[in-house]
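So you know, we letter chains A, B, ... as the sequences are listed, proteins then strands, and number each from 1. Computed from a predicted model, the values in this text were never measured in an experiment. Values below: every heavy atom of this structure, side chains too, minus hydrogens, waters and symmetry copies.
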Amino acid sequence: MSQNAEKVLDHFNLFREPEYTNLFENKRKEFEFMPPDAQVEEVREWAKTEEYKEKNFAREALVVNPAKACQPLGAVFAAVGFEGTIPFVHGSQGCVAYYRSHFSRHFKEPTSCVSSSMTEDAAVFGGLNNMIDGLANTYNMYKPKMIAVSTTCMAEVIGDDLNAFIKTSKEKGSIPAEFDVPFAHTPAFVGSHITGYDNVMKGILQHFWDGKAGTVEPLVRQPNESINFLGGFDGYTVGNLREIKRIFNLFGIDYTIIGDNSDVWDTPTDGEFRMYDGGTTLEQAANALHAKATISMQEFCTEKTLPFIAEHGQEVVALNHPIGVKGTDRFLMEISRLTGKPIPAELEKERGRLVDAIADSTAHIHGQKFAIYGDPDLCYGLAEFLLELGAEPTHVLATNGSKAWETKMQALFDSSPFGKNCKVYPGKDLWHMRSLLFTEPVDFLIGNTYGKYLERDTGTPLIRIGFPIFDRHHKHRYPVWGYQGGLNVLVWILDRMFEAIDANTNIPAKTDYSFDIIR
Amino acid sequence: MSLTVEQVKQRNKDLIKEVLEVYPDKTAKRRAKHLGTFEEGKPDCGVKSNIKSIPGVMTIRGCAYAGSKGVVWGPIKDMIHISHGPVGCGQYSWASRRNYYIGTTGIDTFVTMQFTSDFQEKDIVFGGDKKLEKIIDEIEELFPLNHGITVQSECPIGLIGDDIEAVSKKKSKEYNGKTIVPVRCEGFRGVSQSLGHHIANDAVRDWVFDKAGDKHPEFQSTPYDVAIIGDYNIGGDAWSSRILLEEMGLRVIAQWSGDGTLAELENTPKAKLNVLHCYRSMNYISRHLEEKYGVPWVEYNFFGPTKIAESLRKIASFFDDKIKEGAERVIAKYQPLMDAVIAKYRPRLEGKKVMLFVGGLRPRHVIGAYEDLGMEIVGTGYEFGHNDDYQRTTHYVKDGTLIYDDVTGYEFEKFVEAIQPDLVGSGIKEKYVFQKMGVPFRQMHSWDYSGPYHGYDGFAIFARDMDMAINNPVWGLTKAPWKSAA
């Protein structure tokens, strides 16, 4: 018996005690009927080879460890960014339990979202009754200012019509006729979570701008000098949006963050649960029509929203998750161009500080090879930053990356001598990445929490940047945008590099001649 | 000042009335059936259960897919479980239940991986059967040491009428009788994850047992063979349970399904007794094993020394004196550890009030462990319990305990606000709501990031964790000093 009350052993250590290791050995020998060790070793070695990689890349149907989620997740992400808004997912309830868990695990925050709890009968007869009852319950119980409706794959397969259903619900008195219920169809079998963000964002703007589903006159644009900002689906939304607001405030301009979910996923622990906190007001969402321009921080996250906005008469600017100096430069110059205001001296100083930091540290990063995976825009922003650090983003992979993204990534590689041997992988998954890391090894891997399996298999040190990050805390509170954000990313990369160097040089009398105090 | 039982009952009644007021009449009427107070001597808890959740409320429930892939099948380590349909379901359930296992992931074991058919629009339009065939071929090529495949249906599969049974049969034949299991666990089926457990159990019956035949002739039975049923090895629970059964002289021939293998499933009919922890999720297969193979089953509870000792004796009662003595020996061996754990933690936890809302067996099973530490359960309820769960709960709860079936987010918050427990035990979706309110919380699905909680070794961790949660200095910081004076 190894457990003891004085120093309680938890699972990390308990199961390393001999009584348990014996138990495992015995279980394996007597009952599991697993393949012999030699065979496991042989297959393990084979799975590292070029031959295996070829078979792996020849896959047409099977997807293993994809780096993407489904549309409805992005729908919820976008919807919670509006004041007093509860996302209402029309479909089966299990999905909503998953979205809520997923966000809670990343942000360590509550995520409020309801579903219309469709079951077999709804599959046969359609989900209209679920919508009618559901909207009434949500409205009464959670007293929202707005209910943003999206769908799951179930509702989409049976072809439920949200526009008609919401209209009928209002006629039946579930919710007042004038109550705002924007909607978007977000089938899980089309695109990914970034598509869901796009659809809901467009759906909400369309609701306010185009006459609330035919119930009022469409708004008429009266241009003003304000700037709209769309962050896109972003695991750093809490830190990023606050940094963006700081930057806009330094410029001293009028702006609207559309879908500001930075407060609802960062509520204080002070004795009160805030179901709704912060968010873009409904008035702001409507008035965003009149803005001079809209800046999207993520082009591939706003493929439908931006053209929709452009059609309504304002200029749109699409960026690709700018991280680092050049990305931020472009962002600030666009703000300056659109508003006619100069770039604030304070930001210029911050720029210099980021450049200073890069200069101080570049020797360690120069020429290092990286593999990156994540959402298309994030991959782009990270790759661009690595190129300006003199590193080589050797494999860049986005399971939800498109052909257009591929082309854009290639153009980025072509723009730098460090991009010469870099390759882009749209539509591939993390099992493809595993083969790449074995056959064309890199020095570091950048990606979300799931990369820890790749780190373990291939020995490539993982720098956690992306979504979701479940196994490290509070990263989402830090920005990755702006010069300050670039500094954060630089530090995360450097910290992991130095850790790797230390781990590689710490055996006394063997490898510790490079175990340096000064770096 | 503590309330009398009658006062508690009156308070609960008022509280229930109050929370129902927010709903439209129709909903209030439906929800009223799920909220109540336990009356001593009654055969159940007086609430309805296993009924559809109400649209538009924040139910904590999941779906049949979650019950099958997420709970029952997912932990079978040497098989590949395909999340068949769109990408999301597999992604959200990827490695999120901490089903510990030992193996070389990606080579001979696959639990912490996400295999999906990643349905696209064309698959919805034209059907996914051809794609599924190809997926199975690709699995066979890239993961040659897998011992079997399951096809976990997501919502669209049933809706578009794919014939995954035919594909499974065809491919099984092509691969020399390989175990390929179609599981009709589409998320819209049933009212919660509970139906998924049942469907998964039935799939084992139809596609594993019926096909296993004499697959493992080298397997030698003994009179002391048992199988652990309904333990998912969250944080290593099944291991800290198994060790006790082995120490008392039994031979655990299978673990269902945490750290389990296909061979263990196949050999389970040869057990002399099935010991069942999570009754809700695996009573079905236990009953089947009894009916078809004559293997009796017994429920047990390995939370806290009182229930562990009771359970060890109950299990031993199915065997001869050697095992009965073994049970006494195990109880005696761990008694000093239990005494030490209780001596250390009970003074810090005595009298603390707990509210639970969990799935499976935990709304009742953990009560004994809390009571061993001098704590009191003032409210409990099941995410997806059935009437028989609520009957079983009567043996655990005290007169006047607040009972809430399929509680909505709104109700749960109101109850906790009014009752002000010292600890809430529920899941990740509830965790941060209550912590914001300044109420200590433990995830009682996954043990947060801790565990095991089962068995004697687990109880030490349980006690430590509850102390850590409740007596954490952070709860003294939630009110700013300039506010708390007011």
Out of [options], return the one with the most heavy atom pairs under 4.5 angstrom to chain A.
options                            : result
K134(B), M437(B), E138(B), E413(B) : E138(B)
T104(B), D118(B), I136(B), V341(B) : D118(B)
G128(B), G90(B), S93(B)            : S93(B)
S117(B), G187(B), S96(B)           : S96(B)

Does any backbone or side-chain atom of [X] lie under 4.5 Å from a heavy atom of chain B? Answer side chain, backbone, both or neither.
X       : answer
L73(A)  : both
R274(A) : neither
F33(A)  : both
M154(A) : both
S112(A) : both
E109(A) : both
M275(A) : side chain
D121(A) : side chain
L9(A)   : backbone
K143(A) : side chain

Does the pair E32(A)/K77(B) count as a salt bridge with the N-to-O cut at 4.0 Å?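 Salt bridge flag = yes for K77(B) with E32(A).
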Please determine if K483(B) and D270(A) form a salt bridge, counting it only when a charged side-chain N lies under 4.0 Å from a carboxylate O.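 Salt bridge: no.
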Considering all heavy atoms of both residues, which atom of [X] and which atom of [Y] are nearest to each other, and what is their separation?
X       : Y       : answer
A5(A)   : K344(B) : O-NZ, 2.9 Å
K436(B) : P268(A) : CD-O, 3.4 Å
Q114(B) : P66(A)  : CG-CD, 3.3 Å
S116(A) : P55(B)  : O-CB, 3.4 Å
Q91(B)  : Y450(A) : O-OH, 3.5 Å

Please work out whether the ring planes of [X] and [Y] are parallel, tilted or perpendicular, with thresholds of 30° and 60°.
X       : Y       : result
W94(B)  : Y453(A) : parallel
Y98(A)  : Y65(B)  : perpendicular
H102(A) : Y92(B)  : perpendicular

Non-hydrogen side-chain atoms of [X] and [Y] separated by less than 4.5 Å:
X       : Y      : answer
Q93(A)  : C63(B) : no
P144(B) : V43(A) : yes
F459(B) : Q3(A)  : no
D133(A) : I54(B) : no

Between [X] and chain A, which part of the residue has a heavy atom less than 4.5 Å away: side chain, backbone, both or neither?
X       : value
I139(B) : both
Y334(B) : both
Q255(B) : side chain

Pairing residues for R100(A) by the salt bridge (Lys or Arg N to Asp or Glu O under 4.0 Å) criterion, not counting sequence neighbours: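 For R100(A), no residue satisfies salt bridge (Lys or Arg N to Asp or Glu O under 4.0 Å) once neighbours in sequence are set aside.
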Who pairs with D123(B) by salt bridge (Lys or Arg N to Asp or Glu O under 4.0 Å), at least two apart in sequence or on another chain?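 Per chain and number, D123(B) pairs via salt bridge (Lys or Arg N to Asp or Glu O under 4.0 Å) with K131(B).
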Nearest 0.5 Å, please: how far is CD in E60(A) from CD1 in I135(B)?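 Rounded to the nearest 0.5 Å, the CD1-CD separation comes to 11.5 Å.
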Distance from E120(A) atom CD to E186(B) atom CD, nearest 0.5 Å?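 One gets 9.5 Å once the value is rounded to the nearest 0.5 Å.
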Between [options], the one whose heavy-atom pairs under 4.5 Å with chain B are most numerous:
options                          : result
K27(A), E6(A), K55(A)            : K27(A)
S115(A), S92(A), C95(A), P110(A) : P110(A)
G94(A), P72(A), A47(A)           : G94(A)
F107(A), Y99(A), F470(A)         : Y99(A)
V64(A), V40(A), V63(A)           : V63(A)
Q71(A), E30(A), K68(A)           : K68(A)

Check step by step if side-chain contact (heavy atoms from CB on, under 4.5 Å) holds for V8(A) and Y345(B). CA-CA 12 Å; V8(A) 174; Y345(B) 292 107; 3.8 Å; yes
Would you sort out whether D108(B) and Q39(A) count as a side-chain contact (heavy atoms from CB on, under 4.5 Å), showing the intermediate values? CA-CA 10 Å; D108(B) 68 350; Q39(A) 199 184 358; over 6 Å; no
Given the rule in the side-chain contact (heavy atoms from CB on, under 4.5 Å) test, do E19(A) and D457(B) qualify, once you have shown the distances and angles that lead to the verdict? CA-CA 12 Å; E19(A) 64 212 61; D457(B) 286 343; 4.2 Å; yes
